[in-house]
Structures are given as structure tokens and as C-alpha cells.
2 protein chains.
Amino acid sequence: MKKENLDRTTIKTIAKAAGVSHTTVSRALNDSPLVKPQTKLKIKRLADEMGYIPDINAKGLVSNKAYVVGIYFSRLQSGTSSNFLAESIRQVKKLLADYTLAINGIDLMPNENAMLRNGKPDGALFISQCENDDSYIQHMRDNGVPVVVINRKTKVAGVTNVVPDEYHGVFQAIEYAIRLGHKKFGLIKGTPKFTSTHYREQGFRDAIAKHPEAKVVEQAVIDGNYSRESGFHAMNKILMNSEFPSLVFCSNDETAAGAIKSCQKFGLQVPTDISLMGFDNADYAKFMVPGLTTIYKPVDEITRIGVEQLKDLMEGNSKSDQALKKIVTTELIIRDSVADLR
Amino acid sequence: MKKENLDRTTIKTIAKAAGVSHTTVSRALNDSPLVKPQTKLKIKRLADEMGYIPDINAKGLVSNKAYVVGIYFSRLQSGTSSNFLAESIRQVKKLLADYTLAINGIDLMPNENAMLRNGKPDGALFISQCENDDSYIQHMRDNGVPVVVINRKTKVAGVTNVVPDEYHGVFQAIEYAIRLGHKKFGLIKGTPKFTSTHYREQGFRDAIAKHPEAKVVEQAVIDGNYSRESGFHAMNKILMNSEFPSLVFCSNDETAAGAIKSCQKFGLQVPTDISLMGFDNADYAKFMVPGLTTIYKPVDEITRIGVEQLKDLMEGNSKSDQALKKIVTTELIIRDSVADLR
DNA sequence: GAAATGAATGTTAACGATAACATAATATTA
DNA sequence: TAATATTATGTTATCGTTAACATTCATTTC
């Protein structure tokens, strides 16, 4: 005596109810032109009434798909600002409505294999900040998953890569400050292992090196980690030194927010007593006091291009077999945190 | 002639290579005691060498599991602060390492059915802010998915529910202000449809009503939507009125940050000229200028309890058949944004 | 009106894993 | 040493779906 599975609606249940074969049901629900419109309608209505939910595992087993796109952050638990995390997720989710969006943090994985423990996604979007990620990216690729890396240049060969031009963004921002008469510069760096930290510092230094009248106050170059706390503490150090920069470049807006707090503590007015700059143009930058002069990192655009590319790869429409490498320009957003010293 | 699938390692491929049956391979990889240790070792090594990745769909088909937990926000695209979004995700991800974490926004779904389009999760955590969600919660339950709702009281029957005590949190905060000598109160409300908006306003009003010496300045009760912008604009309105409250309660910290900016614009010092309070104790509240007095909403604890409950439900260990209803107390965090008028 | 066409549906075999039920191989007992 | 446990392995069915390959039935064609 075979046990009838009464508590679940499958295409076979529907088939029995409709008096057709399960294949016909499958065809009807997939809008196959092989089924008579009338039959199709009846089956669809029945499926609806019976509360049919297709079994994604069975579908996936046949089609060898997971209906999942994985999004991988370098650091989910710390070192990534909430703003960036949330904005990235929002944007990806909006653009990938048809897929289940699985959030991952490379910092939570003991090793590369952990990435595929819960199954292979149909595509992987790495929102990468860290060189460490490359072995994970490589592993994903090796396992045949379409991969796109955004936010940071990857060394993994043949991977589609969309990144902001952080170097020139900072370079131009510093030149702007120099034009306003700034001569002595400080820097609060980002998380040591992040590539952005390196590029932003390089843009900072190269811009200053280009102008003989300007110089880096090395005492006022302090390590940080992109957090508000680190900005606060770094600025405390800078302000306790003897030699005082007229402008401190903060490697992101969070850091700048912490730095402002420190200035306040020391009774210094921004930008009257000291000027600050950030990076990112986080949503709160314009609501800071004073409004923060910063560099707009086009997160949305980068993400959009990245997701579009990933979709193309997943659907096998990639026009060229040459992986796209795209650098998106940043933009200086001038507000009130940099004094005009002329 | 059967086509050999050469480009994929399955248990059958491994079986052939090891000279055993595929069942033995399955058993070995699942650490069954039925397999000789020696055989087991050989198979595991082989699986490793061959880069075997189990097919999650096949597994799931047999076990009727998805290995996915869905997390559902009322609003993913707007109306939810980045801070809250990111913190919730971080916390859930940390506690649910064994599952794929699928992010969803109810605002992105045309209707209840859309929720299950991409398959049923093994469990659903609703981080709910809005009464609208109830029909979605109900639908999920109706389809047999274990459900936990956190952050907001749900009316759906029999659902595990963990929420903060917003009402008393605000009530006590306002009484604290009254003790400091505040008598005239303003309020910037949250997103109209959110239940938190209602409870926070009620706590605010009831606390003031209890003390005859204090009163609500109705001109200074302004709608908002939990965003910095709304705080800024609402405060602008309040400050252009004739009757001036001594303290404005902002329905969350974001709002408070916008309100401070507005005060600055009007040349008012917080708390010397006007006092502010927030709600949430967002990570940046202590770095605001001045440090924001606010109400700590124990997001981490609420999430932790919620996830633990969900795990129990998914694993069928729920001790009682009575759904847990838990209210977690908030805590007043005193900083520098409320003046002592005594 | 038989043969050929085509539309609609049915039968059966995958997909890759687990699980129930054999069976073979070895160890234990009488 | 034969009978019997015990241990290790193999065979086959199954999950719910799609897809390849029949088959049926009505319609057109000559």
C-alpha cells in the first residue's frame, strides 16, 4: 500500500485532480504552447486553488540551477561601514529581483571551501575590499561560477571588474585644497589591508608631491580603520602634536565624522581652525556639521554595471569573451569643511 | 551509448574511482558508522582530490530542506536606516552560519505569493516594522514555514515574537527630562505606518500627561520618516514657530542627527538653547556633537533571541507549544544633548 | 475513405542525492 | 566445522521536476 502524500501539492496531485498527466501540468504551468489553452487555464486555476508551490530543489536538480546569487563582502562583521553595506545590498536586491540574494562575509569563512558548502550559486558578486579575497574569487571561478568583482581591482585573471577611480578622486580633491591655499596636510588612513587605503594614500601623496609649496606633515599621518572611533582617536593624536596641518584628509566619511568630534573636544572649529575632507559621500555627509567636503564614490553605478555584467554572464550573453574592466570616475563634492585660505 | 558526464564530480564518479557503490560514498561522506574507517578515509580523500561539491538540490529534494533562512525587512529600499539594516544582517549572519541567508524586502514584493516564488526557506525571520507585514507573515505560516517576528508586535496568531519595550523606553526618557526641569516638549515622529512610530508617540504623550507641570507643544509635533532629511526639515518647522519647546524628542537617532543640523543652521546650540533626544542608540550617537542622549534599543539581544527561537522551531525542539512572546527592555543612555534646567 | 499531417497528451527516463531493504563477507559461538 | 551474529557493502526505489520519445486523436489531403 503506497502512502499518499496528502499534505503537499505537487504537479502529480494537480495532474490527478485535473485528469491529465503530470507532464501536461508541468507544461501548462510553464506556459508551453503544446498545451491546449483551455486545458492550460483549467490546470493553472487548479494549481492556484490547491496552493501549489513548485519545489525549487526538483527544478534546480533538473536544470542544474540554484536560483541564487551570492553577494560576498570582504568583511561583514566589522571594517565595512553600515552605510556601504546597506547601500550595496539595496542596490543589488533591486536589480536582481528574480534571484534569491544570499549574503556572505569572507571574514566568516574559515577557508575557500566553506564558500560552496551550502551549494553553488548561479552567480557571485564580490564587493571586495581586500586582497585576501582573491583566493576566494579564484576558487569560485575554478568551480565554474560566473563571477564579477566590484569596488576593488582584482588580480584574478579573466574576471569582470568594476572599480572607482579612488586615486584620481583623492588627487583632485587635494589639488583643490592646495588651490585654496592649504600647504600642510595630515592623513587618517583606512583599514591597513584594504586596497582602497593604499590608493587613497597614494593619490594624497602624489598630489602633494606635485606641488612644491605643499607638504605632508608626517606626524599627522595616522593609521585608522574606516570607523568613527578610529577617526576620533587618530584626530586626537594629530591635535596633540606640535606641528599642525591645516587640512586632514580622512580616508572615508565615517572617519571624518569621528575626527570632527575630536576637534570639538579640543575646542576647534571646522573649518575655521582646521579643515577636513572625507571620502564616499555617505548619505549623512551633507547633514554633518559643517557639511562635509568629500569625494563621491559612485556605489550605485558601480553596482549597477557589476550586476548587469553578472546577469549577462549568467545568461550566457556576454558579448565579448574579453572580461570587462571598468574604472568609474569619482566626483569632488564641495561643502563647508575646507577653509579658503587665500 | 550513454553519455558520461565528465565535467562534474558526483558521488557516482567517486564511486567508480573508488571501486565501490555510490551509496557507500554517500555514507562515507556523511560519516556513517556503517563504513569501514579505511574505506571512509579513501573515499574522503578521493572526494577531496576530485573537488567534489555536493549538489544541494539533490540533497534538498530528498530531505525536503532548502538550507536557506529568509530574512524579511518591511522596507529594504527606504524607510529603514542603514544602521539598523546592517546591524540586523550582521547579527543574524553570525548566528546562522549553517544556513544560506536570503535577504528580502516586503516593499519589493507585489503580493504574498511572491514570497515563495523562489522556493520555501527552512525558516523565516521577519524584522518587521509595519502592520502591512502581517498578511505576509500569515502566508508564510500557512505554508508551513517556521516563523519568528522581531522588532514589532504582530497580530498573527501563534507566532513567536520578540520586541523592544518602546513605550516605556520613551516614557522613562521623558520623565527624566521632566526631572531635569523641562516643561515644553516637541516631537518629530517616525514613518506614519510603522508601529514604532505609534508606541514612541504614546510613551511621549503619556509621560507628559502624567506630569501636570509639563505639556506638549502641539505646534512642535511634526511628521517625519526616520530619515536625517525628515529630521532636518521637521526641526526647521519647529524652529520657525512662535512657541518654542525646551526639548524635542526625535523618534530615532537619524532624525536627531538631522535636527541638530537644523539647529546649527538657526545658530542654536544644543543643549544650551534647545535639548534633543533620540531613540536607538545607533553606533554614531556617541560621536555626534553633542553626544546624543538616546534610548538604547537592544537590537542584538532581540535578534539573538529571535534567531535562537527560530533555530529551535526549525529543528523541532520547541520546548513548549506555546509561542514565545518576549518584550525586551530598553535603556536610557544619558549623554550631552539634554540640558539640566534646574 | 485511406494515408499523411499535426496538435494534444501520455510514458518513461533522467537529474544527484538519501534510505530501505537485500546480500556478501567476516567474526563469533556452540 | 556448521550455525549464527555482526559488519560492511550493494541494489533499487524515491524525492518533484523537466525532457526525450511515444502515442492518440482529429484534421487535412489525395
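Residue numbers begin at 1 in each chain, while the letters A, B, ... track the order of the sequences.
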- Query: Which nucleotide sits closest to the side chain of K36(A): dA8(C), dT17(D), dG16(C)?
  - Reply: dA8(C)
Could you tell me how far apart [X] ([atom1]) and [N] ([atom2]) are, to the nearest whole angstrom?
X       : N       : atom1 : atom2 : result
N57(A)  : dC15(C) : CG    : C1'   : 12 Å
K65(A)  : dT18(D) : NZ    : P     : 12 Å
L41(A)  : dA8(C)  : CG    : C1'   : 16 Å
L34(B)  : dT26(C) : CG    : C1'   : 16 Å
I14(A)  : dG10(C) : CD1   : P     : 14 Å
L116(A) : dG16(C) : CG    : C1'   : 17 Å
I11(B)  : dG10(D) : CD1   : P     : 12 Å
Y67(B)  : dA17(C) : OH    : C1'   : 9 Å

- Among R152(B), R141(B), K155(B), find the one that has a salt bridge (Lys or Arg N to Asp or Glu O under 4.0 Å) with D134(B). R152(B)
Could you check whether the side chain of [X] and the base of [N] have a donor-acceptor pair of N or O atoms closer than 3.5 Å, going by distance alone?
X      : N       : answer
S63(B) : dA17(C) : no
H22(B) : dT11(D) : no
T23(B) : dT11(D) : yes
T24(A) : dA8(C)  : no

- Query: So which one's nearest nucleotide on DNA chain C is more toward 5', S21(A) or N64(A)?
  - Reply: S21(A)
- Query: Starting at the 5' end of DNA chain C, which residue's closest nucleotide do you reach first, P33(A) or L61(A)?
  - Reply: P33(A)
- Below 4.0 Å: OP1/OP2 of dT18(D) and any side-chain N or O of N30(A):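 For N30(A), the contact criterion (side-chain N or O under 4.0 Å from OP1 or OP2 of dT18(D)) is met.
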- Message: Whether R8(B) contacts dC15(C) is assessed here as follows: a side-chain N or O lying under 4.0 Å from the phosphate OP1 or OP2. Is that the case?
- Response: no
- Say whether E112(A) and S135(A), considering side chains only, have a donor N or O and an acceptor N or O under 3.5 Å apart.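 The criterion, which ignores hydrogens and geometry beyond distance, is satisfied for S135(A) and E112(A).
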- Message: Please tell me whether N151(B) and S128(B) have a donor and an acceptor in their side chains that are separated by less than 3.5 angstrom.
- Response: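 No - no donor-acceptor pair under 3.5 Å links their side chains.
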- 5'-most by nearest nucleotide on DNA chain D - R27(A) or T39(B):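 First, find each residue's nearest nucleotide; the 5'-ward one identifies T39(B).
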- Task: Measure the acute angle between the ring planes of F84(B) and F73(B), then classify it against the limits of 30° and 60° as parallel, tilted or perpendicular.
- Result: perpendicular
- In plain terms, say whether K311(B) and E308(B) are close enough for a salt bridge, that is, a side-chain N and a carboxylate O under 4.0 Å apart. no
- Task: Have a look at K12(B) and say if it touches a base, only the backbone sugar-phosphate, or nothing, with a 4.0 Å heavy-atom cut-off.
- Result: nothing
